[in-house]
Novice: 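The structure follows.
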2 protein chains.
Amino acid sequence: MSVKIAAMPSNRRAQPQAEKRAELISAARDLFVQDGYDPTPMNRIAQKAGVTPNTIYWYFKDKDELLLAVLDALLQEDMAAYDPVSQWPLADQMVWLVGRLRQTSTLMATVHSRIRVSPALNEWHDRFHALVEALLLAQLPGPLPPASRDAEIRIICFAIEGLVSHQIDPVTTRQTCEALAARCLVLAGR
Amino acid sequence: MSVKIAAMPSNRRAQPQAEKRAELISAARDLFVQDGYDPTPMNRIAQKAGVTPNTIYWYFKDKDELLLAVLDALLQEDMAAYDPVSQWPLADQMVWLVGRLRQTSTLMATVHSRIRVSPALNEWHDRFHALVEALLLAQLPGPLPPASRDAEIRIICFAIEGLVSHQIDPVTTRQTCEALAARCLVLAGR
DNA sequence: CAAACCTCTTAAACGGTATTCAAGAATGTG
DNA sequence: CACATTCTTGAATACCGTTTAAGAGGTTTG
């Protein structure tokens, strides 16, 4: 308790730090999306990134924390891709979103099944839902009565989740999205 | 290739067979529902049933097959409990169903996340959805145009799944179910 | 320059998992 | 009593996520 009291500045090379982390996230993302979370051993992630499994644990506390980073990366990509879509008709937006999320549907199922076991994942899931609901709220036509408005948003949100996680043919998917959008119009027109 | 050609009649004790199997299913059910599928080792299931882990593998091929048997048992109970409920108003039925399924919501998430990995579980899930949709179809008020009818059933089904798997307070749950039922009335009245 | 230090990497080990194997006990049949 | 079938088990296998202890290699400091 003598010498090194406040002498811990963030000194060294900072670039490789972020780069390696990004490489690990990228490798994990590919494998998680393709094979699923549970079936992908840390083994293979490390191998794909050209590293020993232990190395991952210097950058991430857990396999769960790695999953969290992957989810953040995917969400960021989705948000960027959504930007131009936000001008489309509501039903088309839903169809687009379903198709987009379907590519990572296995991870969506993983998130739901790990919510009870990982508090961090639970928080991420809550933030994700809040985000989607906010986007949906901005897209609803006209002023709706707030009581039914919230219910409507929840229904749309859950329906999208259902369409994503159960593989359903494109025609049926579109019909369902049209039905959801039509309902909002009916409510707004009243 | 000489002696025992066609000498394998199904002879022995048949009662203990089914009893032991039922005990294993019961033990697994309690643990799966309480702690979840993945966090429950075959270890503990065997211990709760007063058996060695290996014994389970004489009655069930897999942990997945054991899960399947548990799901069948739960479904049977739910169906029996639903019988009187089938006379209630549609919204009340939904609220009841959500509350009922919530008790096994962790298993529902497990099923969804293991669909891609276990064909048998996938089939079970398909049958389950077909069953729920058939029940819903019988409950829809009046004759609906078949195109929107199917979409409506899907939406209700997915909304119920969403209400079950995301913990949502009772008031919000009821509001959502009322909104779903109200929509059907609007469509039928038109 | 050298010593101390921090960042990063690794080989090896640990505890836990589902599942399999080989052997044996229990139980009805001839 | 032999015998085959049904059931049970102790031990082993293979894999997994994670930890530990040790060490390279560059950075700072005296």
Side-chain angles (χ1 to χ4, degrees), chain A residues 2-24 27-28 31-32 35-70 110 113-114 117-118 120-121, chain B residues 2-24 27-28 31-32 35-70 110 113-114 117-118 120-121:
Chain A
S2 56
V3 186
K4 49 199 173 185
I5 288 185
M8 49 175 88
S10 61
N11 20 3
R12 304 318 137 77
R13 60 221 115 129
Q15 206 52 25
Q17 154 84 19
E19 277 179 28
K20 200 86 185 185
R21 210 183 128 95
E23 279 174 30
L24 287 172
L31 293 171
F32 284 170
D35 301 342
Y37 177 76
D38 279 318
T40 321
M42 299 293 271
N43 215 354
R44 223 185 282 281
I45 301 172
Q47 174 184 332
K48 180 153 192 167
V51 189
T52 291
N54 313 341
T55 301
I56 304 181
Y57 288 87
W58 196 88
Y59 294 92
F60 303 94
K61 181 172 70 68
D62 269 324
K63 196 182 178 184
D64 266 312
E65 200 175 271
L66 179 54
L67 172 61
L68 224 63
V70 168
T110 300
S113 75
R114 295 190 71 77
V117 99
S118 160
L121 216 55
Chain B
S2 57
V3 186
K4 49 201 171 183
I5 288 184
M8 49 174 87
S10 62
N11 23 3
R12 301 321 134 81
R13 60 225 114 135
Q15 204 53 24
Q17 153 85 20
E19 278 179 27
K20 200 83 186 190
R21 211 183 127 94
E23 279 174 30
L24 288 172
L31 293 171
F32 284 170
D35 301 341
Y37 177 76
D38 279 319
T40 326
M42 299 293 271
N43 215 354
R44 223 187 282 282
I45 301 172
Q47 174 184 334
K48 180 153 193 167
V51 188
T52 291
N54 313 341
T55 301
I56 303 180
Y57 287 87
W58 196 89
Y59 294 92
F60 303 94
K61 180 172 69 70
D62 269 325
K63 196 182 179 185
D64 266 313
E65 199 175 273
L66 179 54
L67 172 61
L68 223 64
V70 168
T110 300
S113 75
R114 294 190 72 77
V117 98
S118 160
L121 217 55

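The structure displayed is predicted, hence computed values, not measured ones.
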Novice: Quickly work out the B:Glu65 CD to C:dA18 P distance and round it to whole Å.
Specialist: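 So the two atoms are 16 Å apart, to the nearest Å.
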Novice: Could you go through residues 44-64 of chain A and list every donor-acceptor pair under 3.5 Å that involves a side-chain atom there, pairing it with any protein atom two or more places apart or in another chain?
Specialist:
unit_1  : atom_1 : unit_2   : atom_2 : d
A:Thr55 : OG1    : A:Thr52  : O      : 3.3
A:Lys63 : NZ     : A:Tyr37  : O      : 3.0
A:Lys63 : NZ     : A:Thr40  : O      : 2.8
A:Asp64 : OD1    : A:Tyr37  : OH     : 3.4
A:Asp64 : OD1    : A:Arg114 : NE     : 3.1
A:Asp64 : OD2    : A:Arg114 : NH2    : 3.0

Novice: Taking only residues two or more places apart in sequence or in another chain, which ones pass side-chain contact (heavy atoms from CB on, under 4.5 Å) with B:Ala22?
Specialist: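 Once residues adjacent in sequence are excluded, B:Ala22 has no partner under the side-chain contact (heavy atoms from CB on, under 4.5 Å) criterion.
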Novice: Under a 4.0 Å heavy-atom cut-off, which of residues 35-51 of chain A touch DNA chain C?
Specialist: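 Result for residues 35-51 of chain A: A:Val51, sorted by number.
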Novice: Could you tell me the separation between the NZ atom of A:Lys61 and the C1' atom of D:dG17, rounded to a whole number of Å?
Specialist: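 Computing the A:Lys61:NZ to D:dG17:C1' distance gives 12 Å.
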Novice: Can you figure out which of C:dA18, C:dA11, D:dG17 approaches the side chain of A:Lys63 most closely?
Specialist: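 Closest of the options to the side chain of A:Lys63: D:dG17.
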Novice: Go through C:dT9, D:dT18, C:dT19 for me and flag the one nearest to the A:Trp58 side chain.
Specialist: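 Within the option list, the nearest is C:dT9.
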Novice: When the distance from CD of A:Glu23 to C1' of C:dC8 is rounded to whole Å, what number comes out?
Specialist: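 From A:Glu23 CD to C:dC8 C1': 14 Å.
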Novice: Starting from C1' on C:dA22, measure out to OH on B:Tyr57 and report it in whole angstrom.
Specialist: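 Value for this atom pair: 17 Å.
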Novice: Would you say C:dC8 has OP1 or OP2 under 4.0 Å from some side-chain N or O of A:Thr55?
Specialist: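 No.
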Novice: C:dT9 phosphate, OP1 or OP2: any side-chain N/O from A:Tyr59 under 4.0 angstrom?
Specialist: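 Result: yes.
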Novice: Take the protein atom CZ of A:Phe60 and the nucleotide atom C1' of C:dC8, then report the distance between them rounded to whole Å.
Specialist: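 Result: 14 Å.
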Novice: Given C:dT7, is OP1 or OP2 found less than 4.0 Å from the side-chain N or O atoms of A:Lys20?
Specialist: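 It does not, given that no N or O in the side chain of A:Lys20 lies less than 4.0 Å from OP1 or OP2 of C:dT7.
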Novice: Between atom CZ in B:Arg114 and atom P in C:dA18, what is the gap in whole Å?
Specialist: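 Rounded to the whole Å, the gap is 10 Å.
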Novice: Give, for atom CD of A:Gln17 and atom CD of A:Glu19, the distance between the pair rounded to the nearest 0.5 Å.
Specialist: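 Separation between the atoms: 10.5 Å.
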Novice: Just wondering, do A:Thr110 and A:Leu67 contact through their side chains at under 4.5 Å, heavy atoms?
Specialist: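 Yes, their side chains come closer than 4.5 Å.
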Novice: Is the phosphate of D:dC7 approached by B:Gln17 (side-chain N or O, under 4.0 Å from OP1 or OP2)?
Specialist: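 Indeed, a polar side-chain atom of B:Gln17 lies that close.
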Novice: Ignoring hydrogens and geometry beyond distance, is the side chain of A:Asn54 in donor-acceptor contact with the base of C:dA12 at under 3.5 Å?
Specialist: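 Under the 3.5 Å cut-off, the side chain and the base do form a donor-acceptor pair.
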